[in-house]
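Single-structure report; data block below.
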Amino acid sequence: MGESAVGLGLLLLLALTTSFCSGANVTYDHRALVIDGRRRLLISGSIHYPRSTPEMWPDLIQKSKEGGLDVIETYVFWNLHEPVRGQYDFEGRNDLVKFVKVVQDAGLLVHLRIGPYACAEWSYGGFPLWLHFIPGIVFRSDNEPFKAEMKRFTAKIVDLMKQENLYASQGGPIILSQVENEYGNVQSAYGSSAKPYINWAAAMATSLDTGVPWVMCQQNDAPDPIINTCNGFYCDQFTPNSNKKPKMWTENWSGWFSSFGDPLPYRPVEDLAFAVARFFQLGGTFQNYYMYHGGTNFGRSAGGPFITTTYDYDAPIDEYGLLRQPKWGHLRDVHKAIKLCEAAILATDPTTSYPSPNLEVTVYKTGSGRCAAAFLANIGTKSDATVNFNGNSYTVPAWSVSILPDCKNVVLNTAKINAISTVPKFVRYSSKERAEAKDGFQSGWSWIVEPVGISNKNAFTKPGLQEQINTTADQSDYLWYSLSAAINGNETFIKDGSKTLLHIDSLGHALFVFVNGKLVGSGKGRNSDQKVSIDIPLSIQPGNTKIDLLSMTVGLRNYGAFFDTVGAGVTGPVQLKSSQNGLLIDLSSQQWTYQIGMQGEDSKLYHGDSSIWVTQPTLPTNQPLVWYKTTFDAPTGSNPVALDFTGMGKGQAWVNGQSIGRYWPTNIASGGSCTDSCNYRGPYKADKCLTNCGKPTQHIYHVPRSWLKPSGNILVLFEEAGGDPTKLSFVARETRSVCSHVSESHPLPVEMWSLDDEIRNRTRSTLSLTCPSPDQVISKIKFASFGTPRGACGSFRHGECRSKRALSVVRKACVGSRSCSIGVSSTTLGEACGVSRSLAVEASCA
Ligand code: GAL
């Protein structure tokens, strides 16, 4: 890369951090988005504003910026902003304008995916449920009532942004907007209505005159001028539907979401980095991590059904806002390496050659035909390869890309991680702090027992079994189905002494069955199959048998053709049947009495302020349907905090009146093929790399610090199944160790150094360590070895070769400071044998 290209690169970098004072013209051509006449290579990341708190936003955005992002992407969640038709809410976590301004203040750009269909594992895909009750409506189709509402809301958001001058065309940060979401994946199910709908959506969006381009993701037939973009684990092979549109990747899934009952997915960073590098190698110019920070599904916002309250997503910034290392750091390095190639990538189209089936050598050339930047990819999954390129020979490990911004020096290989690693843990508050009630609950527990069955005067009776979502309109997770079954004793199977079964078929999502006031059985579905079908043995006596079925939704469906019409609840049949002779009494069409929601919800017990809480005679535990309340002081320190729900069953929890979400620690992840060290080589899919098999899918729940005051906080739980609240504890998210493992390698030639300080330092082989929190220092070096050390962070061990001085050198350089750097060479660390030597260090931070 010549000096002028370097200069251009710096200019572009500068331009990225400047906001558009007088308004920028955003267009596109076949290579890239074009802002004020200049093509841009943009790295983007998804952060959904309501999945964290406004107090967390500035730090999340700052960490995104330091990670090398140019753009923050978010969906807009219609059901948050318009919970009741015509009544809008843009306060607190819903303050979209504030979020966009926080991004702007950090000097970053925004991609606003208005949708208004979001998907996003968000309840009902982001649609407000009242939409469903509009007569004649058919969602996401060429249907007048739907289009009218979609247009009204989309225009409302666009107007809101315009009023605040937030579009780039007005000097704001928004450079891009999305309409619809992955409609192409489901559109065949909508038949002849699909195409007119998509054409209408495109025209409607364009007519709103935002001054910035619109995209549709996974929509191959997106009409001009809408750009069709790619979503997936890999998008290197994607081509847009016109040679006038750039190659854009709106969702690079950095991990995957989790569901109650399933193990936790993770995506190795080597594979993610490989996917990113290959996309830019093969001509991409806009890439977005879905998610960069996943966050938390507070309240009842989780979709699914069965999406967990955590939406951590194995993202580069974890649910709690802490850097996930080495993921965040390695991607930052990848971004830097790609940015070194930016001018070359934007100037021209790539040329790729294939020296062998698994090798791809891509060159970006200057106008005069000279190589300006190169990428060497080995897409084989087994063996490292040697690539002869430009007069040199390069070893490219399996499933990796080497990046050569000057066509000569490898500044980064996606499989070689130089970033630090950390292993954050949830730490229980010490017994001293607990004794001082610093992990809370100093007042003990009070409670209110929720009645089984009908207790509300608004209950109503209807013949037959009603579908749940149409009945509750999602005002609550809960619907009671109650019946008094008259058994006269003459029923054949009761007379002949056969065993009786209560058979229930439900569309899901979860069900508790009470007979004569006692919990006799329960059932639950899963994300893959929400239905519940159970047979409960009963001993039935002549007389009236009271059957109370508590049916629960666990987040409304968010994906699939006509997902909005998928029902829930006990739609039957419900039968009493003989286990032996097949005879039965069908209760399905009898007169059932219904109650929407719990009495405690009606009286807003979650605020914790009513006077009806009791503390006598003894705390009920392991008993269904109990509201619990306690008060607590905020845990000490500034680390993120969470509640460990071990000991509880299933329910919802509120802190100072704000819902921290649904808890369900008794829902155990299925067993199977979990591994903590998944082989990153080879195509990734959502169930390739899993942890946590056989353990609760989620037992730890985020309590945002900003929701707490120093003392007198109120925690309210509604326990559905039965649990023991005295087992609950506060935990802090802490990182007490940082590690780094860096190999000794040859420095880059001097002319490369001016490109970027960090890469210069790294390629001179420097190991750097930094404690994550500003109030921590390195207190101890737990391990240091220069030579051929092995293992991973937390389990490093010496190899055959090691220098004697490494530990003392590292100690001297690091202990007592928050950060330190050590040159990785025998000059600094002492002689060691071995050909490819490295330095591995694990340090304690306190
Ligand atoms: C995509 C969708 C996103 C999200 C993702 C899975 O298909 O567009 O909104 O649901 O899948 O996390």
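We count ligands from 1, going down the list as the structure has it; atoms in each ligand are counted the same way. These values consider heavy atoms only, across backbone and side chains, with no hydrogens, waters or symmetry-generated copies.
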Please list, in number order, the atoms of ligand 1 under 4.0 Å from a heavy atom of [X].
X	result
F257	6 (C), 12 (O)
W256	6 (C)
Y290	3 (C), 4 (C), 9 (O), 12 (O)

Polar proximity ligand 1 side, [X] side, N/O cut 3.5 Å exclusive:
X	result
A120	yes
N558	no
R113	no

Original post:
When you look for heavy atoms under 4.0 Å from ligand 1, do you find them on the side chain of N181, its backbone, both, or neither?
Top reply: side chain

Original post:
Which one holds for A118 and ligand 1: side chain close, backbone close, both close, or neither close, with close meaning a heavy atom under 4.0 Å?
Top reply: backbone

**OP:** Please step through side chain to side chain donor-acceptor pair (under 3.5 Å) for the pair Y117 and E180, ending with a clear verdict.
**Re:** CA-CA 6 Å; Y117 168 60; E180 251 296 341; over 6 Å; no

**OP:** Could you walk me through whether D221 and Q219 pass side chain to side chain donor-acceptor pair (under 3.5 Å), step by step?
**Re:** CA-CA 5 Å; D221 59 356; Q219 192 68 46; 2.7 Å; yes

Original post:
Does NZ or CZ of R557 lie under 6.0 Å from the centre of the six-membered ring of F127, at an angle within 45° of the ring axis?
Top reply: no

Original post:
Regarding R526 and the six-membered ring of F260, is the cationic atom NZ or CZ under 6.0 Å from the ring centre and inside 45° of its axis?
Top reply: no

Original post:
So which of W253, Y559, Y313 gets nearest to atom 12 (O) of ligand 1, if we judge by its closest heavy atom?
Top reply: Y313

What protein heavy atom sits nearest [atom], and how far off is it?
atom	result
atom 11 (O) of ligand 1	E251 OE1, 3.8 Å
atom 10 (O) of ligand 1	E121 OE2, 2.6 Å
atom 7 (O) of ligand 1	E182 OE1, 2.3 Å

Original post:
Looking at K327, H293, R324, R733, which hits side chain to side chain donor-acceptor pair (under 3.5 Å) with D318?
Top reply: R733

Subject >> Side-chain touch W328/I317, heavy atoms, less than 4.5 angstrom >> reply: yes

Subject >> N/O donor-acceptor pair under 3.5 Å between W78 side chain and M150 backbone >> reply: no

Original post:
SG-SG distance between C235 and C230 under 2.5 Å?
Top reply: yes

